[in-house]
Structures are given as C-alpha cells and as structure tokens.
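To find a chain, count down the sequence lines: A is the first, B the second, and so on, and within it residues start at 1.
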Amino acid sequence: MRGSSSRDTCIWLALAATLLAAPAAAEVKFAYIDPLSGGAASAGINAQKHMTYLVDRLNAAGGLNGEKVQLISYDNKVDPQESLIALKKALDDGARFVFQGNGSAVALAITDAVLKYNERNPGKEVLYFNYAAVDPALTNEKCNFWHFRFDDDADMKMAALTDAIAKQPLTKNVYLINQDYSFGRAVAAAAKKMLTEKRPDIKIVGDELHPLQKVQDFSPYVAKIKASGADTVITGNWSNDMLLLIKAGKDAGLKVNWYTYYGGALGAPSAIGKDGIGIVKQISEYHNNALPELDPDVAAFKKRFTGKDDEFGYYRLKTTFDMIAAAANKAKSNDPVKLARALEGIKVMTTVGEAEMRADNHQILQPMFVSTFSDNVKFDVEKTGLGFKTDSKINAKDTALPTTCKMQRPS
Amino acid sequence: MLELIVFSLLNGIVYGLLLFMLSSGLTLIWSMMGVLNFAHASMFMLGAYFSYQIARYIGFWPALVVAPLLVGAIGAAVERYGLRHAHKHGAVAEILFTFGLAYLIAEFVVMLWGRNPIANGVPAVIDFPAFTLFGTSYPFYKALMMAISVGMFAFLYLGLKRTRIGLIIRASLTHPNMVSALGHDVPRIFVLVFAVGSALAGLAGVIGGFALLTEPNMAAALGPIVFVVVVVGGLGSIPGALIASMVIGIVQTFAVALDYSLLDLFGALNVQVSRGSPLYEIYSIKIAQAAPIIPYLLLVLMLILRPKGLMGTRET
C-alpha cells in the first residue's frame, strides 16, 4: 500500500511536471519581481493583479507577435539581495523581460545585475522594465540600455508639484518634511532648488528630516510646522510616515495644503479619510476622475477584482504594456535587443494623452495630474466615497528634464 | 514660543500616557508571572481591530467595553491552553511561544482585514474639541486617552496594593506553594492576571487604533518601544512604567523641537569645525533628527548604569 501510493505520487509529479513544462515552448516569459510577503506586500500584490490583468489582455489581443505571454512572479521582500536571487531564478526559468517597481535600492541592484548579465551573455539579453522606482539616478548617471522607466522620476514629479505651488499666489511659507534617506533627501533638495527658481518670494520655513518609518507620533513635528507659520507642506513621505503625519496635522488643527507624492497610494485614501478633503494633493499619471468616465481598462479591472483595496492605481503599467506591444510590433520580433531598439522613442496614445519613451535616457514622458482629495467626485477610491479631483494637467512633453545619461548602445 | 512649549508638553504627556497604556499590561504580566510576553503588542492590535468591527454594529461606547473584554478572553484562553503548557518547559519555551503567537495573530489579522490600513477614523461621537488653547482646539479623544490611562494606573496600583486579590496575586508570585496550601487556586490566578493584562492592551488598542493607524504591522511597529518603557521603568514596576513613559514621551517630543546640532555647540565654544573635519557628518546631525532614537539610547544607558531600571526591584 505504501509503495503503491508513493509510486502514484511519482506518476502524478511527472504528469504535473509535463503539464507545467508543456506550454513553455512558444511563450514569452514576463518575470515580475516585487514584494509578495512582508510589510510591503500590499503594494506588490496589488501590482501583481495589474500584471495578471494586463497579461491576459495582451494575450487576448494575440500576444506579442503571435506568441503568448506567461507571467511568473518572484517575491523579493523589497530587499536588494533577495531581488538578485529572484532575478537569477527568473533567468534560469527563461524569462527575458523583468518587471520591478518597489524601492529604488532594489531597482539600482537589478539594473546593475542586468547590465552585467547582458555584457557576459551576448545573445541572451534581458530587459528591465521599471514601473515605480523613481530615483533620478536610474535614468541619469546610472542609466543603461537595458533599463526602461515607465514612472516619472522624483525630480519630474517635484517639477510638476512646484509648478502647481508657484501658481498659488497666496503661498508664502513652505515647509519641507521628508524621510531621512536618499529619496527623502532628494525630494527636499529638488523642492528647495525648484521653488527658489520659480518663486523666489516664497520662504522655505522648515526643512525637516525624520527617521524612516520609526515615528509613531507626529504631533511634535506638527507643532513645529505650526510654529513656523507654514501655509504649504511638501512631503515625499510614503505609507505610515505620510498617513500619521496628516492625521497628526488634523488633530492639531493645522491648516496647510499638503503636496504629496503618495497621497493617493494604495491604502492612503482609506486611512486619511475625510481629514484630507480639500487639503491633500498628489501628483500622479492618472486618477479615477482624470477623465469624465473611467478608463475602460480601469473599469474592467475593477469588475474582475472587487476587493476594497483593488484599485488600478498603476495606470502606467497599462502604458508599459502598450509600449511593449507597439515596440514588438514595430520590431516584428520578440528579441530583447530588437525590442529595446524599437522602444526607444516609441509613442503611444493613452486615454489621457500621448506618452513617449525618451531615447536618450529611457525615461517615459507621459501626462501627469496634480489633484486634490475631495468628497465631491464621480468615481471614488477604495470604496471610501472620496476621490481625487484634477487641479492641473501637465502634458507629456512639458515633463521632460535634462539628463546626464550617456547611453551606451550595443553595436 | 510659549505656545510651542505648552503644546509640546501636552503632546509629550499624551504620547507618554499612550505608551503607559500599552506597557502597563505587559509590566503587570511580567511582574506577576515572570513571562516576557512578545504577543502583548498583538493584543493591542486585536483591541484596535475588534473595536473597529464592533463599533460598526453597536457604536463606540459599548465597543470600548466589549472589545477589551474580548481580548481579555483571548488572553485567558492563551494562558489556559497554551502558555501553561509552555511554562513547564521553562522561560525560553514561554518566550518562543509568545513570539510565535505574535506572528500567528498578525497573519490572522491580515486574513480577516487585509494588509492595508483600515478606515478606522476617530468615531463621530467623540470627534469634537475638548477645549481651545491659543486659538487651537484640542481633540476630545486625546483627553479621553489621558483619562483612561490615568484610570488604568489607579486601577492597577490600588488593585495590587490595596485589595485582597492583589495580595494573593503578589503572594502567588513569590510563594506559590504556600498560597495553594492556603486554599487558593494559583493557576486560576495566573489566568486572571494574563486576561487582565491582555484586556488592558486591548483597551489601549481601542484608543490607539484611531490615534495611530490600524494596520497589520502596528504590533511590530510598537513592540520595541513598549519593551523600552518596561525595561527603563524597571521590569514589573507599575509606577516605574508610568514614569518611564512620561519621560520618554516628553523628552522625545521636546527633542523634535530642537534644531540644534553639535556644530552649534562648537560654534558657541569657538571651536573651529569645517566641512572636511573628521566625523563632520555626526556633528551636523540635529537633535530633532535623532529624536526617535532617544528612547533606545535611554534603554542602552539604563542597562549599563542601572540594570534594574528606574523603580525595578530585581536585576534583569
């Protein structure tokens, strides 16, 4: 009995292996490397749903040059070391297109590893599609031919936010509060530089750096902001650091406009709730009220994934897929090198306007929106009854910034 | 300036009292049972989630009572069916048990309520200003938090020092055999202590849930600071925990307001330090930037200079 059951298991395993291996023959593999467990998993799992939806959509439209696309996910726990192991696994599994977004430290590790791998393995090149890591270095001093960024970098976002602030004649005193690490420091530096250029009359009354995700009680910081007489606060804070900050501001009766990078990030609208109405602003490439109606894919996504937190927040992933499909079509090949060449300078029409992939540094240019949290919206987020309303739209070409990238293309 | 000082003091006291709410149950369990309960912050988290869920059906005030009772019942079950068995295998088994329990509770919360913060705002019934100071209204819930925290202190302190049951509990710790020989059920007393400790964490969670964020990582985020309070205050000392919480709350709050660094000190002393000097990076750190690590500095210093803590009775 024992023997036969273990023989059965063997047969089943063999069968399962055949079944799993069989479709691999004529498929393009997309490796998705992001946190699927641990503290940052909610963002990773949400983006994974985007990937699932978009891969199915691409396959329904015929795949890439007739080849079906298969999505394989790898958990990296937002850790650079884990990410390199995940990348190795993905390469062993035959993936030649890698998607990653959470964390610039991870992105820098991956772009470096991909560059080295491609140098050592000509003919087996891998492309890296970055949909959310916004450290400007990735498309400047650290740029390479294999990396493409589909999110606007931190400086581009700051340019848009400071433009919006500069247009507010009543703004007099701006307070900067950011997390004490590379990204937070970059945000503060960019804000100072750009505000001084655009509105020399605006005073920067505070430039605060606090430890990353360590502060539970922001009321002392808010007391300081209040004492400074600030009317506007700029923050690159994300997750708890932003939510607790805004909550503490509300408790202390602080009356300022919050210009945030991540005020609309997954989970933020639920946690901020009505406290943020009219004062929390965000910069993003899309929000549910960017168009008179929902983007058709956003609507279809919400039909398929109906949980409270299932928002199609990574609109840029749709643009990413559209650009890849257009490039594969143009190259008439799924070969990564040919596809990368075709991606350079490619333009696609999205529902919010034209988007372009810069050839000189592989940075996307796409329309952006500065929007304000509101209770008077047609389409809410996270089933809160609240949503974002457009303050201003920035056209794709106006988002471009100079680059220091010296692109080395394969010969 | 006066405004900043008054508000910093107020904020410091409120934060300190929140820390006390969190740590009083832990120090109670430690002092009476000798168990370092790693799952204590998880009980706090359960209190936050339970009250959110219960308040949706029966309102905030009943939830303020029911949620801690529920958490207390869970605590009692944990002691009766888990910890009691681990206890036989010594302190390491107990610590590992509570450590594992913390992970289990976190996963349980993720399964039921998801990974993202839930929309646990200040309940409408207590969302009004308590008083106005310098033209700024002060939220009522913070005043309520202070009142509950002070009430907890009185309950624990008087309960242990002045009541008969407190006497038996204290006796059970040092002389369990004698106490049971006198006809008291010592294991049941331990269940009671663990339940009360958990219920106190649950009560703190009801308030802390909307004062902070209700999310699955809240236990992990608050765990370390709670241990700092208990160690600095002296393991097992309720008044010690109160003093340590207040000191940490107030020092941390005032530190944030101080935009001074060692460079300013050197400037005042006419010591020349330039950008190229060794350790310049360290000199230029403002006190405000380092504020959130001050409690941990206090912990390290305390363990070096006075290992039994401010009011502790035994060496740790």
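With a 4.5 angstrom heavy-atom cutoff, B/Y141 touches chain A only via side-chain atoms. Proximity to chain B (any heavy atom under 4.5 Å) is restricted, for A/I45, to the side chain, taken from C-beta onward. Of the two parts of A/A227, only the side chain, counted from C-beta on, holds a non-hydrogen atom closer than 4.5 Å to a non-hydrogen atom of chain B. With a 4.5 angstrom heavy-atom cutoff, A/K247 touches chain B only via side-chain atoms. When heavy atoms are compared at a cutoff of 4.5 Å, B/L213 approaches chain A by way of both its backbone and its side chain. When heavy atoms are compared at a cutoff of 4.5 Å, A/D180 approaches chain B solely by way of its side chain, counted from C-beta outward. Only the side chain of A/E208 comes within less than 4.5 Å of a heavy atom in chain B; its backbone stays farther off. Neither the backbone nor the side chain of A/A248 comes within less than 4.5 Å of any heavy atom in chain B.
Heavy-atom contacts from other residues, nucleotides or ligands closer than 6.0 Å to NZ of A/K203 number 12 or fewer. B/I293 CD1: 12 or fewer foreign heavy atoms inside a 6.0 Å radius. Heavy atoms from other residues, nucleotides or ligands lying under 6.0 Å from OH of B/Y296 number more than 12. Counting heavy-atom neighbours within 6.0 Å of B/F128 CZ, excluding the residue itself, gives a total above 12. Counting heavy atoms of neighbouring residues, nucleotides and ligands inside a 6.0 Å radius, atom NZ of A/K214 does not exceed 12 of them. Enclosure of atom CZ in B/F266 by more than 12 non-hydrogen atoms of other residues, nucleotides or ligands within 6.0 angstrom is indicated. Summarising the local packing, CZ of B/F131 is surrounded by more than 12 heavy atoms from other residues, nucleotides or ligands at distances under 6.0 Å.
Taking CG from B/D127 and CG from A/D275, the interatomic distance works out to 7.5 Å, rounded to the nearest 0.5 Å. Expressed to the nearest 0.5 Å, how far OG of A/S37 lies from CD of B/E107 amounts to 9.0 Å. Rounding to the nearest 0.5 angstrom, the gap separating the CG atom in B/L212 from the CZ atom in A/F218 is 11.0 Å. In this structure, CG on B/N120 lies 11.5 Å from OG on A/S270, to the nearest 0.5 angstrom. To the nearest 0.5 Å, atoms NE2 (A/H210) and NZ (B/K286) are separated by 13.0 Å. Rounding to the nearest 0.5 Å places CG of A/L243 at 8.5 Å from CD of B/E215.
Of the possible polar contacts, one joining the A/K224 side chain to the B/V256 backbone as a donor-acceptor pair under 3.5 Å is found.
What you find for A/A223 and B/L4 is that their closest heavy atoms are O-CD1, 3.5 Å. Counting all heavy atoms, side chain and backbone alike, B/P292 lies closest to A/Y221 at CG-OH, 3.7 Å. The two atoms that bring B/N11 and A/P220 nearest to each other are ND2-N, 4.2 Å, heavy atoms only.
When each of A/L254, A/N240, A/V215 is scored by its heavy-atom pairs under 4.5 Å with chain B, the top score falls to A/N240.
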